[in-house]
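Below is one structure; the comments refer to it alone.
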2 protein chains.
Amino acid sequence: MAAPTQNPERLLTPGEVATLFRVDPKTVTRWASAGRIGSIRTPGGHRRFRESEVRGLLADLTSEASNGLR
Amino acid sequence: MAAPTQNPERLLTPGEVATLFRVDPKTVTRWASAGRIGSIRTPGGHRRFRESEVRGLLADLTSEASNGLR
DNA sequence: CGTCAATAGGGTAATTAGGGGT
DNA sequence: TCTGTCCTAATTACCCTATTGA
C-alpha cells in the first residue's frame with residue numbers, strides 16, 4: 001500500500017509529555033486547558049501534543065536555567 | 001491543472017488514520033462504529049476513510065497555544 | 001493459487017478526563 | 001497561583017485468531 005500520507009508531525013500522549021517535564025499528566029492537562037500548550041483532541045476526548053512544540057517548550061525552560069533571559 | 005479527468009477522493013486505511021491521531025487502529029475502528037467518523041466498507045468488511053473528512057476533523061480538534069511567548 | 005501485511009472481532013488491562021480538596 | 005493526589009466514568013491499548021486485500 002504505502003500511501004503517500006506525508007505527516008512527519010509526531011504526536012505525544014499526556015503521559016509522555018508528563019515524563020519529559022517530570023510532572024503529573026494532570027499538570028500537562030492543565031497547561032493545555034490554560035492554552036499554554038497546543039493540543040489535539042481525539043474524537044474520544046483524549047489529548048495529543050506535538051512533539052516539536054513540546055521540545056521547544058522544554059528547550060525554552062532549559063535555556064532559562066543557564067540564561068537570565070525572561 | 002493537468003488532471004481534469006476526475007477528482008478521486010483519497011481513501012485512508014485505519015492504520016493511516018491511526019498514525020495521524022497517534023492512536024491504535026482499533027481505536028479508529030471504534031470511532032467508525034460509534035458514528036464519530038464516516039467510513040466506507042469494502043465488500044470484505046474492511047473500512048476506508050475519506051482523507052478530507054479525516055483532515056477536517058483533525059484540524060477542527062486542534063487547538064494552538066494562545067501564546068508561547070512569555 | 002500461494003504469500004505477506006493489515007484489519008476485524010472480542011476481551012482485558014492501562015491511561016486519561018473531569019471535579020473536588022490539600 | 002500552581003501542583004500533586006483521590007475519586008468515578010469514559011476512552012484507549014494490547015492480547016488472541018480468522019479473514020481480507022494486494
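Proteins get letters first, then strands, A, B, ... in listed order; numbering begins at 1 in each. It should be emphasised that the depicted structure is a prediction, and the values quoted were computed from it without experimental measurement. Atoms considered below: every heavy atom in the structure, side chains included; atoms not considered: hydrogens, waters and symmetry mates.
Residues from residues 40-49 of chain B that place a heavy atom under 4.0 Å from any atom of DNA chain C, listed by number: B:Arg41, B:Gly45, B:His46, B:Arg47.
B:Ser39 meets the side chain to side chain donor-acceptor pair (under 3.5 Å) test with no other residue; sequence neighbours excluded. Listed by chain and number, the residues in a side-chain contact (heavy atoms from CB on, under 4.5 Å) with B:Pro25 are B:Ala18 (sequence neighbours excluded). Contacts of A:Glu51 classified as side chain to side chain donor-acceptor pair (under 3.5 Å), with partners at least two apart in sequence or in another chain: A:Arg10, A:Arg55. Applying the side chain to side chain donor-acceptor pair (under 3.5 Å) test to A:Ser52 and every residue at least two apart in sequence or in another chain returns A:Glu9.
Between the axis at the start and the axis at the end of the helix from C:dT3-D:dA22 to C:dG19-D:dC6 there is an angle of 60°, using five pairs per end and rounding to 10 degrees.
Judged purely by atom type and a 3.5 angstrom limit, A:Asp24 has no side-chain atom pairing as donor or acceptor with the backbone of A:Lys26. A:Arg48 places no side-chain N or O within donor-acceptor distance of the main-chain N or O of A:Leu11, the cut-off being under 3.5 Å. Not a single donor-acceptor pair under 3.5 Å links the side chain of A:Glu16 to the backbone N or O of A:Thr13.
Look at A:Thr27 and you won't find any side-chain N or O under 4.0 angstrom from OP1 or OP2 of D:dC2. B:Arg36 has a side-chain polar atom (N or O) that falls below the 4.0 Å cut-off from OP1 or OP2 of D:dT11. Between A:Trp31 and D:dT3 there is a side-chain N or O to OP1 or OP2 distance below 4.0 Å.
In this structure, CG of B:Leu12 is placed 15 Å from C1' of C:dA6, rounded to the nearest angstrom. Atom CZ in B:Phe21 sits about 15 Å away from atom P in D:dT11, given to the nearest Å. Taking atom CZ of B:Arg30 as the reference point, atom C1' of C:dG11 lies 11 Å away to the nearest angstrom. At whole-Å resolution of the value, CG in B:Asp24 and P in C:dA6 are 13 Å apart.
Distance OG1/A:Thr42 to CG/B:Leu20: 13.5 Å, rounded to 0.5 Å.
Nearer to the 5' terminus of DNA chain C, by closest-nucleotide assignment, is the contact made by B:Lys26 (compared with the other of B:Lys26 and A:Thr29).
For the pairing with A:Phe21, the side-chain contact (heavy atoms from CB on, under 4.5 Å) check across A:Val28, A:Thr27, A:Val54 returns one residue only, A:Val54.
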